[in-house]
There are 2 protein chains.
Amino acid sequence: MNVEKRKRLEAAGWRFGNAADFLGMTPQEEAYVELKLHLADALEAKRKANGLTQKGLAARLQSSQSRVAMMEKGDPSVSIDLLVRGLFALGMRRRELAKAI
Amino acid sequence: MNVEKRKRLEAAGWRFGNAADFLGMTPQEEAYVELKLHLADALEAKRKANGLTQKGLAARLQSSQSRVAMMEKGDPSVSIDLLVRGLFALGMRRRELAKAI
DNA sequence: TCATAGTATATCAGTCCTGATATATTGGCA
DNA sequence: TGCCAATATATCAGGACTGATATACTATGA
C-alpha cells in the first residue's frame, strides 16, 4: 500500500477528521499529510528490507505492534517525530531520509 | 547561529537533559537531534528570507514569539512536527525541505 | 544614555501523542 | 476448510508538546 494508491482515502480521513474545514485542506496541511505518508511508506519498506515484522520493529522501538501499524499507514495520531525515530532505528541516515521525503 | 557552531552546546543540553544516560547519546538520538537542528536553522533562514520577525511568524503559525525562538534553537521541547509545519507555513516545498535535511 | 524592536528564557494548564491492551481482520499454507 | 502468523482497528491512562504569559537580554538609533 503506497502513497499514491492511498492518498485519497487518507486525505478523506484527515479532511473529515478536521471538523473545522469541510472544504478541504490548506496547502500546508496537504504538504504535511503527504510528507507523513511518504515517511510511512519509507518505514514499511525499510522494515521489510530489514526482514522484520511489525512486532519485531515495535520491540526495537520499545513500542507496540499496533502503533507500528498506525505508523505505517500514516495515521493522524502518529507524529512525524515518531516516524523519523523509527526510520533512524532501522539504520536510515539523513541523506537517505531526504530522498524518501 | 548555525548547526555547526551550536552542535556541541545543544548536544550537551540534550545529554544531561536525558538523565538516563550520562555516557552520551545513541546514534539514533544523535541523528534525531542533528535533524532537528538542521530544520531549526532552515526555519530561521526561511523566516528571514521572508522578511518576518519571530513575532510575525508566530502570528502565521497561531503560536507565540517565545515558541518560535524555541523552534529556531531546536529546543528539546519542540517537535519535528512543529518545525515542519513552520517551514510549510513559510512556503517551503517537500523538495526544498529534503535539501535542508 | 535612553528608548525601542527583536530575541531569549522560564513557567504552566490544557491538549495531543504514546505505549499498552484487547480484539478483529487478513493472508498463506496444509 | 481450519490453523496460525502477521497486520489492522479501537480504546484509554499517562506523559510530552504547545500556546500563552511574563520577564530578561541584546542591539541599534537618537
Side-chain angles (χ1 to χ4, degrees), chain A residues 1-2 5-6 9-10 12-14 16-20 28-29 32-33 36-37 39-41 43-89, chain B residues 1-2 5-6 9-10 12-14 16-20 28-29 32-33 36-37 39-41 43-89:
Chain A
M1 192 158 62
N2 66 28
K5 283 195 287 186
R6 201 183 41 195
L9 193 59
E10 290 296 331
W14 276 83
F16 300 121
N18 275 0
Q28 292 102 300
E29 284 174 338
Y32 176 81
V33 172
K36 201 140 115 176
L37 294 181
L39 293 175
D41 287 344
L43 184 72
E44 183 176 4
K46 194 78 179 172
R47 170 177 66 81
K48 289 180 175 170
N50 283 32
L52 285 173
T53 64
Q54 290 184 345
K55 198 172 178 181
L57 176 53
R60 278 205 202 180
L61 294 174
Q62 297 193 291
S63 181
S64 58
Q65 175 270 322
S66 61
R67 183 134 307 268
V68 172
M70 302 282 221
M71 289 165 80
E72 290 186 357
K73 86 183 186 72
D75 190 275
S77 82
V78 171
S79 74
I80 288 181
D81 286 62
L82 190 63
L83 286 167
V84 163
R85 289 202 302 271
L87 288 167
F88 285 151
Chain B
M1 192 157 65
N2 68 27
K5 283 196 286 186
R6 200 182 42 196
L9 193 59
E10 289 296 331
W14 275 82
F16 300 122
N18 275 0
Q28 292 101 303
E29 285 174 338
Y32 176 81
V33 173
K36 201 140 111 174
L37 293 181
L39 293 175
D41 287 344
L43 184 71
E44 183 176 3
K46 194 78 178 171
R47 170 176 66 81
K48 288 179 176 171
N50 282 33
L52 285 172
T53 65
Q54 290 184 344
K55 197 172 179 182
L57 176 54
R60 279 204 201 180
L61 294 174
Q62 299 193 289
S63 182
S64 58
Q65 175 269 323
S66 62
R67 183 133 308 268
V68 173
M70 303 282 221
M71 291 166 79
E72 290 186 357
K73 87 184 185 72
D75 191 275
S77 82
V78 171
S79 72
I80 287 181
D81 282 90
L82 191 63
L83 285 168
V84 163
R85 289 202 302 271
L87 288 168
F88 285 151

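Below, chains carry the letters A, B, ... as their sequence lines are ordered, and counting in each starts from 1.
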Exercise for the section: Among the candidates C/dT7, C/dT9, D/dT18, find the nucleotide nearest to the side-chain atoms of B/Arg47. Expected result: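 The nucleotide sitting nearest to the side chain is C/dT7.
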Handout entry: Selected nucleotide, minimal atom distance to A/Thr53 side chain, candidates D/dA6, D/dT18, C/dT18
Key = D/dA6
Exercise for the section: Report yes if a side-chain nitrogen or oxygen of A/Arg85 is closer than 4.0 Å to either non-bridging phosphate oxygen (OP1 or OP2) of C/dC17; otherwise report no. Expected result: no
Handout entry: B/Ser77 side, atom OG; B/Met71 side, atom CE - distance, nearest 0.5 Å
Key =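 So the OG of B/Ser77 and the CE of B/Met71 are separated by 10.5 Å.
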Measure [atom1]/[X] against [atom2]/[N] and give the value in whole Å, please.
X	N	atom1	atom2	result
B/Tyr32	D/dA16	OH	C1'	10 Å
B/Asp75	C/dT7	CG	P	17 Å
A/Lys48	D/dT7	NZ	P	7 Å
A/Ile80	C/dC16	CD1	P	17 Å
B/Glu72	D/dT18	CD	P	15 Å
B/Asp81	C/dC17	CG	P	8 Å
B/Leu43	C/dT7	CG	P	12 Å

For a quick test of reading the model, state the closest non-hydrogen atom pair linking [X] to [Y] and the distance between them.
X	Y	result
B/Arg85	A/Tyr32	CG-CD1, 3.8 Å
B/Asp81	A/Ile80	OD1-N, 2.9 Å
A/Leu37	A/Gly74	CD2-CA, 4.2 Å
B/Arg47	B/Gln54	NH1-N, 3.5 Å

Handout entry: Exam field: side chain B/Lys36 to backbone B/Leu83, donor-acceptor pair closer than 3.5 Å
Key =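 No; zero donor-acceptor contacts below 3.5 Å.
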Exercise for the section: Could you identify which residues of residues 54-70 of chain A place a heavy atom less than 4.0 Å from some atom of DNA chain C, listed by residue number, or say none? Expected result: A/Gln62, A/Ser63, A/Ser64, A/Ser66, A/Arg67
